Amino acid sequence: MKIPYVDISAQYCSIKYEILKEVEDVLASGQVILGEVVNNFEESFAALCHTKYAVGVANGTDALMLSMKALGIGEGDEVLTVPNSFIATASSIVLVGAQPVFVDVGDDFNIDPDKIERAITSKTKAIIPVHLTGRPADLNPILNIANKYGLSVIEDAAQAARAEYEKQRVGSFGATGCFSFHPLKNFNAFGDGGAITTNDIKLYQKLLKLRNHGLRNRDECEFWGYNSRLDAIQAAILNVKLKYLEKWVNRRRKIAFIYQEQLKQLVHVPVDKPFEKAVYHTFIIQADDRDELQKYLAKKGVNTKIHYPIPIHLQNSAMGLGYKKGDFPHVEKQSLRILSIPVYPELSDEQIEYIINSIKAFYAG
Ligand SMILES: *Cc1c(COP(=O)(O)O)cnc(C)c1O
C-alpha cells in the first residue's frame, strides 16, 4: 500500500463540481479582485471564528505582518513567540522590523505560560502564541500575563481553523487571529490565501486599508500599505469548503482518537485536554528511534514528515538573534523525536489500519 502524507487531489475529487461552478461564476462575473465573493467569505469566516470581523489577505505570513503593522509594532520592539513553529511565525516579526524573542514550549508543543514573564522586557509589545498542530495554546494564562504587562496577543492560528478553547474558537481571543489557507493547512484553498480575525473595529478598518495599498477609496491613499488581498477565486473555493470543514475536522479528530488508542503503548501520542477541541492539522508522535521508524514506514509505503526538524533559533537566518544550541531544551529535544503521520480526512479506514499495523510491526520487529 502507498499512503502519501497528504492527498490534496482526493479532497478535490469529492467536491469537484461545486468548486468548478463557483470558480466559473467568479470568472464570468469579471470581479476577480475583492468584491462580493471575498466579502461573503469574510463574513462567514468571522462567524466560524466567533469574531465580529475577518479580513482576507494573501497568505498567513501577511496576516501576521499586517496584524503587527496595524498594532504599531516595528523597529525597536520585541515580540515573544516559540522557536518550534513554521519559520514564518518568526520571519514576520523580523520583516516588520521587530525582534523575535523565543520562549520554550511544554509537552503540548505550545508556548509554556510559566516561561513567558521572564522573557518580557521594557521593549516587549506582543505575544504570538502558535496553536501548533491545531491544538490551542493555553490562552487564559497567556491573556492574563498580556493584560498585566499591557501586551497585545496575536494568535498564530495558521494550523488551527475551528479549534476550540473552553468552547470558544481560536482567533477570537487575541487582538487578532492569523490564519493561512495554504493547500497544506487543515482549512485550505487551492493556492495561497489567509485571513485576519478581530473584534476590534479600529483594527478591522485599519487592516482593510493596509491590505490594499493604504487606499481609503479608489484615489485617496491614507498611509503606505501593502498589496495583500485574498484572491476572489480562492475565496470562492473557500466558500465551498467552509460547508465541509466541520465534517473534515470531526474525521481528523476521529482518526486522532484511533491513533491515540492504538499507539499509546508504543510511542508518545498527543492527548486532548478537557477544555479544548484540537483539530489535528498534524498528528505528531514522539519516539526515541524516530529516524529508524520513519525509514521503516517509508519502506512500507507510509509517507511521514517532521514538523519541524530544525528549531527556528538554530536556523542560519536566526544567527543574528544571538541564540545557541541548548537555549530551548524542550523544543530541541522534541525536534529529535517528533514524527508527523498522515491524519487527513480522506484517509480510508484500511489506510489508517495499515499505518497503525506498520508502526506496531516496527516495534514488534
Ligand atoms: C503555514 C504557517 C504560517 C504561514 O502561512 P503562509 O500562508 O504559508 O504564509 C504561519 N504560521 C504557521 C504556524 C504556519 O503553519
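Both backbone and side-chain heavy atoms feed into the values below; hydrogens, waters and symmetry mates do not. What you are looking at is a predicted structure, and each value in this text was computed from that prediction instead of being measured.
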For F223, is the NZ or CZ atom of K206 found under 6.0 angstrom from the centre of its six-membered ring and inside 45 degrees of the ring axis? yes
Consider only side-chain N and O atoms of E36 and N39, and report whether a donor and an acceptor are under 3.5 Å apart. no
Would you kindly say whether Y344 and N186 are connected by a side-chain donor-acceptor distance under 3.5 Å? no
With clusters defined by side-chain heavy atoms of hydrophobic residues (ILVMFWY) lying less than 4.5 Å apart, directly or transitively, does F45 cluster with L208? no
Applying salt bridge (charged side-chain N to carboxylate O under 4.0 Å, His left out), run through K125 and E78 and close with a yes or a no. CA-CA 6 Å; K125 289 283 151 45; E78 292 179 354; over 6 Å; no
Run the numbers on I154 and M68 for side-chain contact (heavy atoms from CB on, under 4.5 Å), then give the verdict. CA-CA 8 Å; I154 299 167; M68 283 182 266; 3.6 Å; yes
What's the spacing between D327 CG and L314 CG if we round to 0.5 Å? 8.0 Å
Does atom CD of E24 have more than 12 heavy-atom neighbours from other groups under 6.0 Å away? no
For L293 and A287, work out which heavy atoms get closest and say how close. CD2-CB, 4.3 Å
Can you see whether N212 engages R229 through a side-chain donor-acceptor pair at a distance of less than 3.5 angstrom? yes
The test is side-chain contact (heavy atoms from CB on, under 4.5 Å); show your working for I93 and T81 and say whether it passes. CA-CA 9 Å; I93 299 169; T81 193; 3.8 Å; yes
Hydrophobic cluster membership, with links at side-chain heavy-atom distances under 4.5 Å among I/L/V/M/F/W/Y: are V55 and I128 in one? yes
Distance-minimising heavy-atom pair for K305 and N303: NZ-OD1, 3.1 Å
Answer with yes or no whether the side chains of T176 and S67 bring together a donor and an acceptor at under 3.5 Å. yes
Set out, in order, the CA-CA distance, both residues' side-chain angles and the distance that settles salt bridge (charged side-chain N to carboxylate O under 4.0 Å, His left out) for K148 and E117, then state yes or no. CA-CA 10 Å; K148 181 171 159 194; E117 279 193 270; 2.8 Å; yes
Here the gap from K185 atom NZ to F179 atom CZ, rounded to the nearest 0.5 Å, amounts to 12.0 Å
Spacing of CZ belonging to F109 relative to CD belonging to Q334, to within rounding of 0.5 Å: 5.0 Å
Tell me whether F86 is reachable from V130 by hopping between hydrophobic residues (I, L, V, M, F, W, Y) whose side-chain heavy atoms are closer than 4.5 Å. yes
Could you go through H131 and H281, starting from their C-alpha distance and side-chain angles, then the distance that decides it, and tell me whether this counts as side-chain contact (heavy atoms from CB on, under 4.5 Å)? CA-CA 10 Å; H131 306 305; H281 165 67; over 6 Å; no
Distance in Å, H182 NE2 paired with D192 CG, rounded so as to fall on 0.5 Å steps: 6.0 Å
Is any NZ, NE, NH1 or NH2 atom of the basic residue among E261 and K254 found under 4.0 Å from an Asp or Glu carboxylate oxygen of the other? no
What distance separates L66 CG from I196 CD1, expressed to the nearest 0.5 Å? 5.0 Å
Between D349 and R251, is the closest basic N to carboxylate O distance under 4.0 Å? yes
Between Q262 and K360, do the side chains contain an N or O donor and an N or O acceptor separated by less than 3.5 Å? yes
Parallel, tilted or perpendicular: which one describes the rings of F257 and Y280, with boundaries at 30° and 60°? perpendicular
Between R135 and E276, is a side-chain contact (heavy atoms from CB on, under 4.5 Å) present by the stated rule, with each step listed? CA-CA 8 Å; R135 180 178 309 290; E276 71 184 16; 2.5 Å; yes
For K243, is the NZ atom crowded, meaning more than 12 foreign heavy atoms sit under 6.0 Å from it? yes
Closest non-hydrogen atoms of S228 and A58, given as atom of the first, atom of the second and distance, are OG-N, 3.1 Å
Single hit among W248, F181, Y244 for ring pair (Phe, Tyr, Trp, His ring centres under 6.0 Å) with F187: F181
If you draw a 6.0 Å radius around NZ in K273, do more than 12 non-hydrogen atoms from other residues or ligands fall strictly inside? yes
Quick one: do the D289 and Y363 side chains pair a donor with an acceptor below 3.5 Å? yes
When rounded to the nearest 0.5 angstrom, what is the spacing between OG1 in T282 and CG in L132? 6.0 Å
Can you classify the ring geometry of Y259 versus F283 as parallel (below 30°), tilted (30 to 60°) or perpendicular (above 60°)? tilted
Under 3.5 Å, is there a donor-acceptor pair between the T89 and D156 side chains? yes
Mind running ring pair (Phe, Tyr, Trp, His ring centres under 6.0 Å) on F173 and Y165 for me, showing each step along the way? CA-CA 9 Å; F173 291 86; Y165 181 86; 5.6 Å; yes
Within a radius of less than 6.0 Å around CD of Q31, do more than 12 heavy atoms belonging to other residues, nucleotides or ligands occur? yes
Mind telling me whether Y204 and Y53 have parallel, tilted or perpendicular rings, with 30° and 60° as the class edges? parallel
Count I, L, V, M, F, W, Y as connected when their side-chain heavy atoms are under 4.5 Å apart, and connections chain through other members. Are V38 and L48 then in the same cluster? no
Looking at every heavy atom in both S358 and L297, which two are closest together, and how far apart are they? CB-CD2, 3.6 Å
Aromatic plane relationship, H307 with Y5 - under 30° parallel, 30 to 60° tilted, over 60° perpendicular: tilted
Measure the shortest side-chain to side-chain distance between Y226 and L210 over non-hydrogen atoms and say whether it is less than 4.5 angstrom. yes
Could you walk me through whether D291 and K295 pass the salt bridge (charged side-chain N to carboxylate O under 4.0 Å, His left out) check? CA-CA 6 Å; D291 293 342; K295 273 187 219 129; over 6 Å; no
Would you indicate whether Q168, at its atom CD, is surrounded by more than 12 heavy atoms from other residues, nucleotides or ligands within a distance under 6.0 Å? yes
Would the number of heavy atoms belonging to other residues, nucleotides or ligands and lying under 6.0 Å from CE of M1 be above 12? yes
Do K241 and F190 form a cation-pi contact, if we require the NZ or CZ to be under 6.0 Å from the six-membered ring centre and within 45 degrees of the ring's axis? yes
Flag side-chain contact, heavy atom, 4.5 Å: T198 against T51: no
Do the non-hydrogen side-chain atoms of K69 and I73 ever get within less than 4.5 Å of each other? no
Positive for side-chain hydrogen bond (donor to acceptor under 3.5 Å, both in side chains) with H313, one of K324, E332, K325: E332
With a 4.5 Å heavy-atom cut-off, do D112 and V105 have their side chains touching? no
Evaluation steps, salt bridge (charged side-chain N to carboxylate O under 4.0 Å, His left out), between D272 and K277: CA-CA 7 Å; D272 273 38; K277 207 165 169 186; over 6 Å; no
Heavy-atom pair with the smallest gap, counting every atom of L207 and A70: CD2-CB, 3.8 Å
Quick one: does any side-chain atom of D104 pair with a main-chain N or O of V331 as donor and acceptor, under 3.5 Å? yes
How close do I306 and Q294 get, counting heavy atoms only, and between which atoms? CD1-OE1, 3.6 Å
Would a hydrophobic clustering, with Ile, Leu, Val, Met, Phe, Trp and Tyr connected at side-chain separations under 4.5 Å, put I338 with I255? yes
